[in-house]
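Scroll down for the structure; my scribbles are underneath it.
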Amino acid sequence: PPVLLCDYRAPAWRVTDVELEFDLDPAATIVAARLAVERDPSEPAAPLRLDAEQLELLDLRVDGRRLAPEEYRFETDALTILLAVPRARIETRVRIAPDTNTALQGLYASGGGQSRFLLTQCEAEGFRRITPFPDRPDVLARYTVTLRADKARFPLLLANGNADGAGDLDGGRHWARFVDPHPKPSYLFALVAGRLESIEDCFVTAEGRRVRLFIHAEPDAIGRCGWAMQCLKMAMRWDEERFGRCYDLDVFHIVATHDFTMGAMENKGLNVFNAKYLLADPERATDDGYRHVLAVVGHEYFHNWSGNRVTCRDWFQLSLKEGLTVYREQEFESDLASRTLRRIEDVRVLWRAQFSEDAGPLAHPVRPDRYSEINNFYTATVYEKGAELVRMLASVLGRDGFRRGLDRYFERNDGRAATVEDFLAALEEANDVRLSPWLAWYAQAGTPTLEASERYDAAARCYELTLAQHTAPTPGQPRKQALPIPVVVALFDERGARLPLRLDGEAGTAERERVLPLLTERATFRFVDVPVRPVASLLRGYSAPVRLRWNADADDLAVQIRHDDDGFNRWFAADALSRRLFAQALASGAPDARQLDVWTRSLAQALADPALDPALVAEMLSIADAGSLAEGLVDIDPDAVHVARARVETALAQALAAPLLARYGELSGATDAQAVEPAAQARRRLRNACLAAVCRADPAQLPLAAAQFAQARNLTDRLGALSVLLSAQAAGAEEALDAFAARHAGDALVLDQWLTLQAVQPHDETVEHVAALTAHPAFRWTNPNNVYALVGAFALRNPRAFHRADGAGYRFVADAVARLDTLTPQVSARLATAFGGWRRFEPLRRALMHRELQRLAARDALSPDLADIVGRSLAG
Ligand code: ARG
Ligand code: ZN
């Protein structure tokens with residue numbers, strides 16, 4: 001039965017102190033725990049329930065006395081003890097087997113051979129696979145942890161908090177003890193033991209605390225940790241300056257692993273990272289890779305306040321820490337690199353991943369009200385839409401007001417497990433405003449559609465903007481309410497000069513940009529003293545996570561592309577126009593010639609504009625991917641979507657062939673091939689976009705790609721060229737693939753990108769090719785990075801091939817899902833979401849996808865993770 005938000009009850013027993021002793025061994029680790037527990041006086045009858053999974057119970061004592069069998073129950077998921085006293089000391093000893101733990105939850109082993117090491121992942125419910133414990137985030141305890149292990153195999157021993165002694169033991173073993181002074185929930189527990197190499201640095205906080213910073217990685221990776229260390233120091237400084245948050249321990253550790261189901265984990269003082277988001281050097285990381293390291297190092301560090309010091313009362317509140325931390329991460333990168341670019345990337349992700357989630361059977365609110373498997377709720381909705389809600393609140397309160405509110409939130413809830421209500425209450429109090437209408441955004445699933453229409457009365461010099469909102473039903477929520485939607489607007493004349501924004505009846509000086517608050521289903525805003533028919537720039541900076549339906553005049557969009565002073569909205573206008581052309585191509589085979597001309601001429605101007613950020617130009621030239629374009633369609637035919645998209649893309653490439661080639665040439669003389677500054681990255685981005693378009697317009701230009709591939713001095717240029725060769729199925733593409741694999745042999749992260757590049761090719765034979773690659777030495781089913789790089793990319797980022805009309809793509813992915821379910825259920829469940837949209841496809845595909853879902857449902861012994869995704873996909 002699902003867990004319900006409305007059933008929440010405070011824990012009957014609290015744990016104040018935890019002492020853990022680990023005798024580490026990959027085959028059989030012994031965990032001894034001593035818990036000081038206290039009963040809530042209002043719960044006199046409640047037994048002590050400790051979550052426990054896959055533990056072999058060796059010993060159990062209460063206040064030193066071994067229990068008789070009738071005094072406790074040990075079941076598959078819990079150890080329940082009948083206790084008559086109000087407080088007690090519980091001692092358990094269990095045996096666990098990290099070596100065979102392929103679920104990668106709890107204590108497990110990573111890497112191979114000499115460097116195989118032990119580490120933990122506890123969020124959300126992994127701690128119960130280490131020791132019996134009330135494994136819920138509202139039980140906060142102080143931890144003392146002692147690790148013992150063979151010194152030669154595990155020279156490095158780490159746990160959360162400050163070091164508190166270490167020494168040698170008999171038989172070549174040694175020990176180390178750690179004390180974490182900050183009470184924490186069990187999901188933030190971590191330990192690491194192994195033969196890792198380390199780099200060290202130091203940071204002095206604004207409060208004067210000297211913090212030793214360490215990054216630990218396998219010997220072949222430690223040379224690639226320098227960028228992450230720089231990022232960590234930038235993040236620590238930024239959080240002090242922007243949000244007044246200082247670090248609070250004497251030491252901060254980061255550990256890299258290649259075996260991780262997610263991006264990274266914010267364990268107190270001991271972050272664990274997927275190597276993919278930690279390692280970077282010019283030869284082996286792309287520009288995107290560098291930026292992801294910055295973002296994820298920031299994200300996990302920022303959790304120290306938004307997540308760790310203030311944690312979540314229960315897992316329904318997950319977005320309280322994740323939405324807020326994603327927002328903080330976005331602001332960090334926006335302040336340090338390009339705000340416009342980060343915004344465009346975030347909105348693209350939101351559209352591709354979150355809108356489609358919201359439109360299918362797996363739709364859920366940012367704060368879900370039920371779950372059967374919490375691991376399935378680490379979603380785009382909780383993370384990305386959650387961040388959008390924080391962003392809207394921040395824009396409504398203004399920069400200073402939001403800072404005041406956040407200060408209040410941290411102050412009020414420090415050391416506590418909080419709720420979304422606590423968050424809103426702090427923002428309200430600090431700003432003396434009422435934010436309760438915003439709770440509906442947290443509770444209601446589905447993407448609101450915002451419909452805009454306009455009317456200009458030249459004689460009355462009056463411009464009317466009518467805004468209306470509508471949200472379609474989602475599973476379990478047939479009726480939707482109106483939400484507060486902040487619509488930021490500006491008005492321009494056709495040469496791009498700002499027009500005043502004075503609403504009817506207002507006095508005072510007119511503003512140049514303002515927020516129109518849409519609080520009801522529909523509202524009309526009447527601007528007066530508007531001298532000419534204005535060009536409206538709506539939803540500036542993407543001020544609300546809604547689908548904008550607005551039939552703006554193509555020439556008006558062109559004015560925005562050319563003149564809007566919000567970089568995001570320049571791109572937004574270009575994107576809107578390209579989507580319109582796509583829709584025309586899909587409906588009638590060809591885009592409207594006049595609008596196509598308007599679009600290509602605007603982009604030609606952007607391309608020629610030396611003042612425009614080259615990265616923004618590159619983004620304007622890259623039209624949305626097929627998945628995002630199909631969002632909102634019914635009876636989708638993926639082949640038709642592919643063809644229509646290709647028409648639009650080719651039309652642009654042909655119209656701009658000469659200037660694209662010229663710009664490619666200009667950008668090719670660069671001497672900064674190994675520089676990672678934003679400006680150098682931006683030039684590479686545009687250069688690669690030009691190359692792709694030039695070769696698309698005229699395959700005779702493919703030698704340019706071959707030359708770039710051969711001469712590349714960084715991974716971004718090499719992969720960019722290889723991608724062009726592959727998508728054109730150029731002569732020499734196979735040789736280039738082989739050359740790439742040979743050059744990067746043994747480098748798992750780069751070979752993952754090589755796998756992905758092949759998995760996303762929209763060709764007929766990609767299914768068979770991907771299936772064959774599962775036998776490549778660079779691929780292992782037990783490694784989540786490999787699986788996501790190959791199978792995940794195929795299932796979630798290659799609609800053309802995944803949806804091949806004969807169902808071969810579906811079969812391949814469903815077989816992979818079934819196989820992975822016995823290894824790593826979290827990964828299996830995530831891959832299975834590829835079938836979530838089945839009802840939106842044309843009848844043939846719909847039936848084929850449905851059949852694969854049923855085939856999965858019919859298997860026995862499905863993991864709870866997969867059973868949940870398949871069950872909801874079929875029901876929705
Ligand atoms: N809290 C981590 C982060 O956002 C993600 C952990 C996800 N773990 C999981 N089992 N789903 O940084
Ligand atoms: Zn997070």
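Both ligands and their constituent atoms are indexed starting at 1 by order of listing. Positions are given from 1 along the sequence. What you see is a predicted model, and the numbers here were worked out from it, not measured in a lab.
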**Sidechain N-carboxylate O distance under 4.0 Å for Arg342, Glu331** = no
**Request:** Check the side chains of Tyr378 and Glu123 for a donor-acceptor pair under 3.5 angstrom, ignoring hydrogens and angles.
**Result:** yes
**Item:** Amino acids in close contact with ligand 1, where any non-hydrogen atom sits under 4.0 angstrom away
**Value:** Gln105, Gln121, Glu123, Ala124, Met262, Ala264, Met265, Glu266, His299, Glu300, His303, Lys321, Glu322, Asn375, Tyr378, Tyr383, Gln826
**Prompt:** What's the spacing between Thr822 OG1 and Leu866 CG if we round to 0.5 Å?
**Reply:** 11.0 Å
**Message:** If I take the Zn ion (ligand 2) as the centre, what angle separates the OE1 atom of Glu322 from the NE2 atom of His303? Nearest 10 degrees is fine.
**Reply:** 100°
**Member of Leu107, Asp51, Asn101, Asp135 meeting the side-chain contact (heavy atoms from CB on, under 4.5 Å) criterion with Arg129** = Asn101
**Request:** Indicate yes or no for a side-chain donor-acceptor contact from Asn413 to the backbone of Ala418 under 3.5 Å, with no hydrogens or angles considered.
**Result:** no
**Item:** ring pair (Phe, Tyr, Trp, His ring centres under 6.0 Å) between Phe189 and Phe133, worked out
**Value:** CA-CA 12 Å; Phe189 169 82; Phe133 197 81; 9.4 Å; no
**Request:** Looking at His299, pick out the N, O or S atom nearest to the Zn ion (ligand 2) and give its name.
**Result:** NE2
**Message:** Please tell me whether Asp248 and Asn304 have a donor and an acceptor in their side chains that are separated by less than 3.5 angstrom.
**Reply:** yes
